[in-house]
Amino acid sequence: MNPYLDIHPEVAEALANGRPVVALESTIISHGMPYPQNVQTALAVEEVVRQTGAVPATIAILGGRLKAGLTREEIEYLGQQGQQVTKTSRRDLAVLVAKGMDGATTVATTMMIAHMAGIRVFATGGIGGVHRGAETTMDISADLQELARTDVAVVCAGAKAILDLKLTLEYLETHGVPVLGYQTQELPAFYTRTSGLSVDYRVDTPEELAAVLKVRKDLGLAGGVLVTNPIPEAWSMDPALINAAIDRAVAEAEDQGITGKAVTPFLLARVKEITGGDSLEANIALVKNNAALAARIAAAL
Ligand code: PSU
Ligand code: MN
């Protein structure tokens, strides 16, 4: 038993009975979207997981407890707190627990806690990656190292072009993380279905993905798998428009000397402001789409 971990009873029961469970992150709630859309989205995404026949486990740290599965009230609390909650990556986790603090979990820490709880599939929007200019800033998200070491499948809509997508793929290759395109050979770029870059393999069904995860588990391979699921056609944005907004946000971050863990939340917020409501709508649609696919993969396992 892990003395630091609280598994929500519904999640514990599903895991004990071999029923599908999907992990969901909480930094997307606190730092990824504004209130109240963040809370509405988090609850709607849980509902999508349920409707697809799996149990959702939104992950966070509350009062120093690692939580796998939150109540409605806890999700509401994180959403209201917003950026006041500590954005928690691998380096922060033990400190927050020891201090009895609250923490919103990134992709990295959501993977860690999901793994501790025995959850094998996790859905989010976009992952962190290698930032543009990383050859001088060395800004590479801890999400990528976590994918290299922790055995959880992460379903995302690719990565935002706030990152250097080409370097992100290189990094994942070096660290042995397979990037699997769901029904596509092209790496999706979050708001758009295209990036001009190729994923490692195309997979067409949840069963195919489950088969890959089974072999990795049977062989005891360390590390996760990245499943990239393109944004639904109806929601995909004009690449010229979104890329102009991203270029502007990246330039502003540099001018203002934004560094460290503040970079990603700054860029996410600026892109949203520059594009108006459209990018938020697209964001919500793609997270739901990923949650449904993750639930189907969990069921296929
Ligand atoms: N990218 C997005 N939306 C997000 C994030 C990234 O499109 O909400 C969040 C995730 O929680 C991710 C984190 O794990 O930002 C990465 O932060 P950093 O780049 O500081 O590692
Ligand atoms: Mn960073």
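The CD1 atom of Ile162 lies 9.0 Å from the CZ atom of Arg132; values are rounded to the nearest 0.5 Å. One finds the CG atom of Leu144 at 12.5 Å from the CD atom of Glu170 (value rounded to the nearest 0.5 Å). For the atom pair Leu15 CG and Ile7 CD1, the distance stands at 6.0 Å (nearest 0.5 Å). Taking CD from Glu281 and CD from Gln37, the interatomic distance works out to 8.5 Å, rounded to the nearest 0.5 Å. Atom OG of Ser30 and atom CD1 of Ile75 lie 12.0 Å apart (nearest 0.5 Å). The CD atom of Glu25 sits 11.0 Å away from the CD1 atom of Ile127 when rounded to the nearest 0.5 Å.
Panel note: side chain Thr136, backbone Gly133; a donor-acceptor pair is recorded below 3.5 Å. A side-chain donor-acceptor contact under 3.5 Å links Thr106 to the backbone of Ala108. A distance-only check finds no donor-acceptor pair linking the side chain of Thr192 to the backbone of Ser236 [under 3.5 Å]. In this structure a side-chain-to-backbone donor-acceptor pair under 3.5 Å is missing from Glu74 to Leu70. Side chain of Asn38 to backbone of Ile29: a donor-acceptor contact under 3.5 angstrom is found. Although no hydrogens or angles enter the test, the distance criterion places a donor-acceptor pair under 3.5 Å between the side chain of Asp92 and the main chain of Ser89. Between the His175 side chain and the Val177 main chain, no donor and acceptor come within less than 3.5 Å of each other. Side chain of Thr228 to main chain of Gly158: no donor-acceptor pair is present (N/O by atom type, distance under 3.5 Å, no hydrogens or angles). Formation of a donor-acceptor pair under 3.5 Å by the Gln185 side chain with backbone atoms of Val199 is found in this model. Although no hydrogens or angles enter the test, the distance criterion places a donor-acceptor pair under 3.5 Å between the side chain of Lys261 and the main chain of Lys87.
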Pair Leu93-Ile113, side chain to side chain contact (heavy atoms under 4.5 Å, CB included): steps then yes or no: CA-CA 10 Å; Leu93 186 125; Ile113 297 170; 4.1 Å; yes
Thr275 vs Leu280, side chain to side chain contact (heavy atoms under 4.5 Å, CB included): CA-CA, chis, key distance, verdict: CA-CA 9 Å; Thr275 56; Leu280 184 58; over 6 Å; no
Verdict with supporting geometry, Asp139 and Val263, side chain to side chain contact (heavy atoms under 4.5 Å, CB included): CA-CA 9 Å; Asp139 189 351; Val263 172; 3.8 Å; yes
Gln145 vs Tyr171, side-chain hydrogen bond (donor to acceptor under 3.5 Å, both in side chains): CA-CA, chis, key distance, verdict: CA-CA 9 Å; Gln145 267 304 305; Tyr171 193 95; 2.8 Å; yes
Full working for side chain to side chain contact (heavy atoms under 4.5 Å, CB included) between Ile61 and Met101: CA-CA 7 Å; Ile61 302 173; Met101 290 168 66; over 6 Å; no
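Closest of all the heavy-atom pairs between Gly224 and Arg216 is O-NH2, 3.5 Å. Between Cys156 and Asn290, the closest heavy-atom pair is C-ND2, 3.4 Å. In plain terms, the two heavy atoms of Gly125 and Val287 that are nearest each other are CA-CG2, 3.9 Å. Smallest separation of non-hydrogen atoms from Ser26 and Leu78: CB-CD1, 3.9 Å. For Gly196 against Glu186, the heavy-atom pair with the smallest separation is N-OE2, 2.6 Å. A pairwise comparison of heavy atoms in Thr52 and Ala292 identifies CG2-O, 3.6 Å as the closest pair.
Within the 4.5 Å cutoff, the side chain of Asn289 has no heavy atoms near those of the Leu293 side chain. Annotation: side chain of Met116 is not in contact with side chain of Tyr4 (no heavy-atom distance under 4.5 Å).
Atom CZ of Arg72 is surrounded by 12 or fewer heavy atoms from other residues, nucleotides or ligands within 6.0 Å. Within 6.0 Å of the OH atom in Tyr35, the count of heavy atoms belonging to other residues, nucleotides or ligands exceeds 12. A 6.0 Å sphere centred on CD of Gln183 holds more than 12 heavy atoms belonging to other residues, nucleotides or ligands. Under a cut-off of 6.0 angstrom, the local environment of CD in Glu13 is sparse, with at most 12 non-hydrogen atoms contributed by other residues, nucleotides or ligands.
Under the rule for a salt bridge (charged side-chain N to carboxylate O under 4.0 Å, His left out), the partners of Glu233 that lie at least two apart in sequence or sit in another chain are Arg193.
Applying the side chain to side chain contact (heavy atoms under 4.5 Å, CB included) test between Leu96 and each of Thr86, Thr109, Thr105, Asp102 identifies Thr86 as the sole match.
Residue Val215 shares its hydrophobic cluster (ILVMFWY side chains chained together at separations under 4.5 Å) with Leu219, Leu221.
Taking a cutoff of 4.0 Å between a charged side-chain nitrogen and a carboxylate oxygen, Lys67 and Asp6 qualify as a salt bridge. Salt bridge status for Glu252 with Arg248: present, with a side-chain N to carboxylate O gap under 4.0 Å.
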